[in-house]
Amino acid sequence: MSQTWWRGAAIYQVYLRSFADGNGDGVGDLAGLRARLPYLKDLGIDAIWLNPWYPSPMADGGYDVADYRGIEPVFGTLGEAERFIQEAHDLDVKVIIDVVPNHSSTESAWFKEALANPAARDRFWFADEPLNDWQSIFGGPAWTQVPDGQWYLHLFAPEQPDLNWTNPEVHREFEDVLRFWFDRGADGFRIDSAALLIKSDTAYEDLDAVHDVYRRWREVADEYGERVLIGEVWLPDQERFALYLRPDELHTAFNFDFLSCAWDPADLRRSIDLTLATHTPIGAPPTWVLSNHDVTRPVTRYGRADTSFAHGGALHGTPSDPELGHRRARAAALLAMALPGSLYVYQGEELGLPEVEDLPDELRQDPMYARSGGANPGRDGCRIPLPWSGEEPPFGFGDGTPWLPQPESWRKLTAEAQRTDLGSMLNLYRKGLELRRRLLGDGTLAWLPLGEEVLAFTRDSGLTCVTNLGQDPIPLPAGTVVLASGPIEDGLLPSDTTAWLT
Ligand code: TEU
């Protein structure tokens with residue numbers, strides 16, 4: 001692949017705990033992932049992004065990192081991680097790993113040292129009393145007291161103490177961590193909570209000095225060549241967002257504006273135009289994201305009356321029409337795949353998994369649930385272990401009892417059941433990704449005026465994508481349909497359906 005492989009890549013997000021379990025302990029691991037690499041290759045993806053795989057007490061699913069240079073024993077060993085990277089590369093699949101620079105873990109060597117020795121607290125934010133009234137993003141206060149009376153800052157769970165990025169040692173440490181993994185073959189990093197690193201007395205989001213961090217990181221990445229830095233930057237202000245994508249900073253960032261859109265032609269079109277207007281002038285590739293490990297599964301979301309994504313679980317449990325949600329998720333998948341730039345597919349999207357909304361409360365693991373006093377159900381419902389095969393749980397996930405229970409109804413959604421069903425979500429993704437590889441990816445688009453309720457555009461390769469978000473079937477433009485998310489009759493594209501034509 002070229003110097004800039006990420007510009008048009010289809011990147012598959014592996015939430016390792018829930019992907020595949022190789023050793024029968026009920027938790028996904030590297031052995032399970034390595035065994036399923038052929039599945040991912042066959043799906044047609046270019047790269048894998050893994051959520052944090054580091055040693056962690058798992059207070060936040062691994063986003064509480066105890067050691068940035070190791071592998072969580074439940075997942076495997078460093079040697080296995082190196083073999084996994086090699087095996088992926090042998091299949092021409094790139095590997096992106098997660099780095100968590102905003103906060104560490106109370107089990108990290110640095111934090112333990114800080115607890116034991118008040119003179120060693122400058123890598124975190126310690127103070128004699130809370131310096132402000134910030135609330136943790138997971139609920140509850142953002143300051144926690146230690147036994148000797150001081151307080152430390154944690155924007156997320158108390159087990160995730162924030163690092164002090166005014167301390168040069170923190171900068172050096174992370175530059176070294178990047179090198180550690182680049183040296184082991186990692187093709188890039190997804191940067192967690194990338195806009196939150198710098199704090200003032202009154203603010204923590206998107207402070208200017210954060211860009212100094214990423215300019216340095218870009219220098220490190222450039223030393224290696226062909227490595228990508230991807231920001232998790234949730235910022236409504238697109239001008240501020242674009243600053244992270246300047247030529248000497250991050251290569252790309254997730255498109256949360258698109259992810260959050262309602263299934264609505266005006267909102268989607270606004271978001272696509274805004275995305276292109278933001279990225280094109282600075283030469284950064286847009287990204288297209290429909291879901292991830294933090295948000296509601298699309299088939300559930302798109303079947304609700306309110307189809308936008310809402311933080312805080314605001315729409316959790318509201319009625320959802322599964323048939324409608326499924327149809328729209330198929331149409332959305334082909335729309336996202338046809339847009340110019342890179343694409344993210346969160347594991348299970350290709351199986352059309354719904355959000356599991358009826359988990360018994362006592363099984364919920366996400367700290368959001370407990371810290372919100374139960375007001376927010378948390379994100380476990382999109383993190384259920386994948387169904388691979390068979391007629392009943394654990395559906396081939398592994399020999400043990402999965403760490404979160406799978407619904408019985410998932411027998412129809414296993415990868416095995418979908419492989420032989422030509423009309424399945426899995427086969428839609430396979431065909432879509434295969435055509436995308438040949439005809440889509442990076443480039444530009446030209447809108448076609450087919451009406452306010454229709455999103456239609458042509459790509460540089462000549463492929464045309466038409467999505468009908470209106471109620472009534474619409475005539476398709478001239479051309480041959482090469483793929484569609486639903487049946488097309490008499491040249492008419494039904495409601496909530498996408499077609500690709502050449
Ligand atoms: O998420 C960053 C973040 O701000 C989240 O709180 C996000 O707004 C929320 O999950 C949406 O529901 C990242 C990771 O993706 C997330 O899994 C971690 O919990 C969080 O950072 C802390 O590391």
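The basis for the numbers below is simple: all heavy atoms, side chains too, and nothing from hydrogens, waters or symmetry mates. Note that ligands are numbered from 1 as they come in the structure, with each ligand's atoms numbered from 1 the same way.
- Taking atom 19 (O) of ligand 1 as the reference point, the nearest protein heavy-atom neighbour is D60 OD2, 2.6 Å.
- In terms of protein heavy-atom proximity, atom 14 (C) of ligand 1 is nearest to D192 OD1, 3.1 Å.
- Considering only non-hydrogen protein atoms, atom 15 (O) of ligand 1 sits nearest to D294 OD2, 2.5 Å.
- Using a 4.0 Å cut-off to heavy atoms of I137, the atoms of ligand 1 that qualify are 6 (O).
- Protein heavy atom in closest approach to atom 10 (O) of ligand 1: R379 NH1, 2.9 Å.
- Between R69 and E173 there is a salt bridge, since at least one side-chain N of the basic residue sits less than 4.0 Å from a carboxylate O of the acidic one.
- Counting non-hydrogen atoms of neighbouring residues, nucleotides and ligands closer than 6.0 angstrom, the CG atom of N117 exceeds 12 such neighbours.
- Residue R383 places a heavy atom under 4.0 Å from ligand 1.
- Residues satisfying the ring-ring contact (aromatic ring centres under 6.0 Å, His included) test with Y429, not counting sequence neighbours, are none.
- In this structure, R379 pairs ionically with D60, as a charged nitrogen and a carboxylate oxygen lie closer than 4.0 Å.
- For the ligand labelled ligand 1, residue R190 lies inside the 4.0 Å heavy-atom shell.
- Atom numbering of ligand 1 starts at 1 in the shown order; those under 4.0 Å from a heavy atom of S193 are 2 (C), 13 (C), 21 (O).
- In this structure, R121 forms a cation-pi arrangement with F126, its terminal cationic atom sitting closer than 6.0 Å to the ring centre and no more than 45° off the ring axis.
- Nearest to atom 5 (C) of ligand 1 by heavy-atom distance, out of F156, F256, F254, is F156.
- For atom 1 (O) of ligand 1, the closest non-hydrogen atom on the protein side is E232 OE2, 3.1 Å.
- Atoms of ligand 1 found under 4.0 Å from any heavy atom of H311 (numbered from 1 in listed order, with element): 8 (O), 11 (C), 12 (O).
- Those atoms of ligand 1 that come under 4.0 Å of a heavy atom in H103, given as number and element, are 22 (C), 23 (O).
- Each of H171, H211, H103 was scored for a ring pair (Phe, Tyr, Trp, His ring centres under 6.0 Å) with W165, with one residue passing: H171.
- With sequence neighbours excluded, the residues forming a side-chain contact (heavy atoms from CB on, under 4.5 Å) with P354 are V299, T300, W410, L413, listed by chain and number.
- For the pairing with Y204, the ring pair (Phe, Tyr, Trp, His ring centres under 6.0 Å) check across F156, W125, W134 returns one residue only, W134.
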